[in-house]
*Asks:* 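Quick one: the structure is below, and I'll ask about it shortly.
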Amino acid sequence: MPNVSSSGPPMAASPLTRAVLEIDEYVASLGWDQPARLFALVDTAQLRAQEPTLADRLGLSDDASAAPLTPIEQDELPAGSPLDEFLGTIAWPDSIAGCALSVERLMLPPSAEASVPQGMSEKQLAKWVAKHPERQEVRMTVAVLRDGARDSALRLREKDAATDVLTGSDLVPGLAEALAATFAE
């Protein structure tokens with residue numbers, strides 16, 4: 001598990017990992033019980049060149065240490081719309097290098113998965129998990145680039161510290177696939 005300082009992502013991290021951790025840190029600053037949040041990822045140098053006023057408003061500097069990707073939060077996701085259905089409606093313009101989504105969910109440890117009752121509807125299963133004594137609240141931030149690169153960050157509510165954020169490219173493969181599909185031609 002990588003250590004992430006409170007001053008931001010490590011400089012040696014890939015641009016996508018840095019963007020994921022920046023988004024995770026931003027959403028963490030808002031607290032828990034947040035709605036899902038969608039972000040466009042844009043090339044910072046291209047943004048500064050093509051939209052200097054917006055770049056200034058976002059506080060993007062011209063120095064070499066600036067993050068190569070800039071996350072830009074999109075409008076709030078429609079309430080009551082299933083996430084997979086909503087993602088199926090998204091098409092990004094060519095100027096967007098990638099996208100990211102931050103969402104909170106309840107998870108069970110692998111040891112509890114054997115006790116999951118069979119034949120439940122999605123709604124019944126969600127209620128069952130919410131009442132399970134071993135449930136854990138997790139915030140997942142998943143990002144993909146147009147070229148197929150992907151990364152994610154997981155933060156447990158019970159270990160809500162930047163130093164305890166787990167990162168990796170295959171932590172939430174289903175959500176990464178759904179985000180990648182928003183770039184399909």
Side-chain angles (χ1 to χ4, degrees), residues 1-5 8-28 30 34-51 54-55 58 60-78 81-107 110 113 122 138-156 162-185:
M1 183 178 333
N3 283 334
V4 180
S5 72
M11 293 304 290
S14 75
L16 188 56
T17 301
R18 291 179 68 190
V20 164
L21 290 172
E22 181 181 340
I23 292 167
D24 173 76
E25 192 171 300
Y26 162 71
V27 176
L30 302 173
Q34 295 292 315
R37 295 176 183 277
L38 181 66
F39 298 83
L41 299 175
V42 297
D43 180 279
T44 302
Q46 186 177 358
L47 179 63
R48 280 196 308 262
Q50 295 176 352
E51 300 285 343
L54 177 59
L58 294 173
L60 301 176
S61 64
D62 282 330
D63 67 34
S65 68
L69 293 169
T70 298
I72 300 176
E73 188 170 6
Q74 303 301 290
D75 292 335
E76 192 171 306
L77 279 64
S81 175
L83 190 56
D84 57 343
E85 288 178 21
F86 171 72
L87 290 175
T89 67
I90 296 175
W92 298 101
D94 291 341
S95 61
I96 303 300
C99 66
L101 183 76
S102 183
V103 63
E104 296 176 13
R105 291 291 185 255
L106 292 176
M107 290 179 49
E113 289 180 15
E122 201 169 311
V138 64
R139 180 180 300 118
M140 303 175 284
T141 303
V142 179
V144 300
L145 293 180
R146 196 176 280 280
D147 68 8
R150 52 185 67 184
D151 212 334
S152 51
L154 294 180
R155 180 186 292 252
L156 294 174
T163 55
D164 289 324
V165 173
L166 178 65
T167 60
S169 61
D170 292 322
L171 297 177
V172 192
L175 187 51
E177 287 296 322
L179 289 172
T182 66
F183 291 102
E185 296 295 323

*Asks:* Where do Ile23 and Ser102 come nearest, in terms of heavy atoms and distance?
*Replies:*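 That closest heavy-atom pairing would be CG2-CB, 4.4 Å.
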
*Asks:* Where the side chain of Glu104 meets the backbone of Gln34, is there a donor-acceptor pair that is under 3.5 Å apart?
*Replies:*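 Checked: pair present.
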
*Asks:* Quick check against the 3.5 Å criterion: does Glu51 have a side-chain atom that pairs as donor or acceptor with the backbone of Ala49?
*Replies:*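 Answer holds: no.
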
*Asks:* Which heavy-atom pair separates Phe39 from Pro71 by the least distance, and what is that distance?
*Replies:*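 Closest approach of Phe39 to Pro71: CD2-CB, 4.2 Å.
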
*Asks:* Where the side chain of Thr44 meets the backbone of Pro68, is there a donor-acceptor pair that is under 3.5 Å apart?
*Replies:*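 Yes.
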
*Asks:* If you round to the nearest 0.5 Å, how far is CZ of Arg48 from OG1 of Thr70?
*Replies:*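 Thr70 OG1 to Arg48 CZ: 7.5 Å, rounded to 0.5 Å.
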
*Asks:* With side chain to side chain contact (heavy atoms under 4.5 Å, CB included) as the test, would you mind laying out the steps for Asp164 and Leu156 before giving the verdict?
*Replies:* CA-CA 8 Å; Asp164 289 324; Leu156 294 174; over 6 Å; no

*Asks:* So does Ala153 get a backbone contact from the side chain of Thr167, meaning a donor-acceptor N/O pair under 3.5 Å?
*Replies:*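 Flag not set: sc Thr167 to bb Ala153 has no pair under 3.5 Å.
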
*Asks:* To the nearest 0.5 Å, how far apart are CG in Asp151 and OG1 in Thr17?
*Replies:*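 It is 3.5 Å, given to the nearest 0.5 Å.
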
*Asks:* Quick one: do Leu179 and Val172 satisfy side chain to side chain contact (heavy atoms under 4.5 Å, CB included)? Show the steps, please.
*Replies:* CA-CA 11 Å; Leu179 289 172; Val172 192; over 6 Å; no

*Asks:* Kindly compute the distance separating CG (Leu175) from OG1 (Thr141), expressed to the nearest 0.5 Å.
*Replies:*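 Going from CG on Leu175 over to OG1 on Thr141, the span is 9.5 Å.
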
*Asks:* Give the table of side-chain donor-acceptor pairs shorter than 3.5 Å for residues 86-97, with sequence neighbours excluded, one pair per line with atom names and distance.
*Replies:*
| from | atom 1 | to | atom 2 | distance (Å) |
| --- | --- | --- | --- | --- |
| Thr89 | OG1 | Phe86 | O | 2.6 |
| Trp92 | NE1 | Thr182 | OG1 | 3.0 |

*Asks:* Only counting residues at least two apart or in another chain, list the ones meeting salt bridge (charged side-chain N to carboxylate O under 4.0 Å, His left out) with Asp24.
*Replies:*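 Checked Asp24 against salt bridge (charged side-chain N to carboxylate O under 4.0 Å, His left out); matches are Arg155.
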
*Asks:* I need the Leu101 CG to Arg37 CZ distance, nearest 0.5 Å.
*Replies:*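 One finds 11.0 Å between CG of Leu101 and CZ of Arg37.
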
*Asks:* To the nearest 0.5 Å, tell me how far Ile72 CD1 sits from Cys99 SG.
*Replies:*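 Separation between the atoms: 13.0 Å.
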
*Asks:* Provide the closest heavy-atom pair for Pro173 versus Asp170 in the form atom of the first, atom of the second, distance.
*Replies:*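 What the structure gives for the nearest pair is CD-O, 3.5 Å.
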
*Asks:* My understanding is that only residues two or more places apart in sequence, or in another chain, count here; which of them pass salt bridge (charged side-chain N to carboxylate O under 4.0 Å, His left out) with Glu177?
*Replies:*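 Partners of Glu177 by the salt bridge (charged side-chain N to carboxylate O under 4.0 Å, His left out) criterion, ordered by chain and then number, come out as Arg150.
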
*Asks:* Enter the distance from Ser152:OG to Leu16:CG here, rounded to the nearest 0.5 Å.
*Replies:*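 The OG atom of Ser152 sits 9.0 Å away from the CG atom of Leu16.
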
*Asks:* Where do Ala19 and Leu41 come nearest, in terms of heavy atoms and distance?
*Replies:*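 Nearest pair, atom of Ala19 first, then Leu41: CB-CD2, 4.1 Å.
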
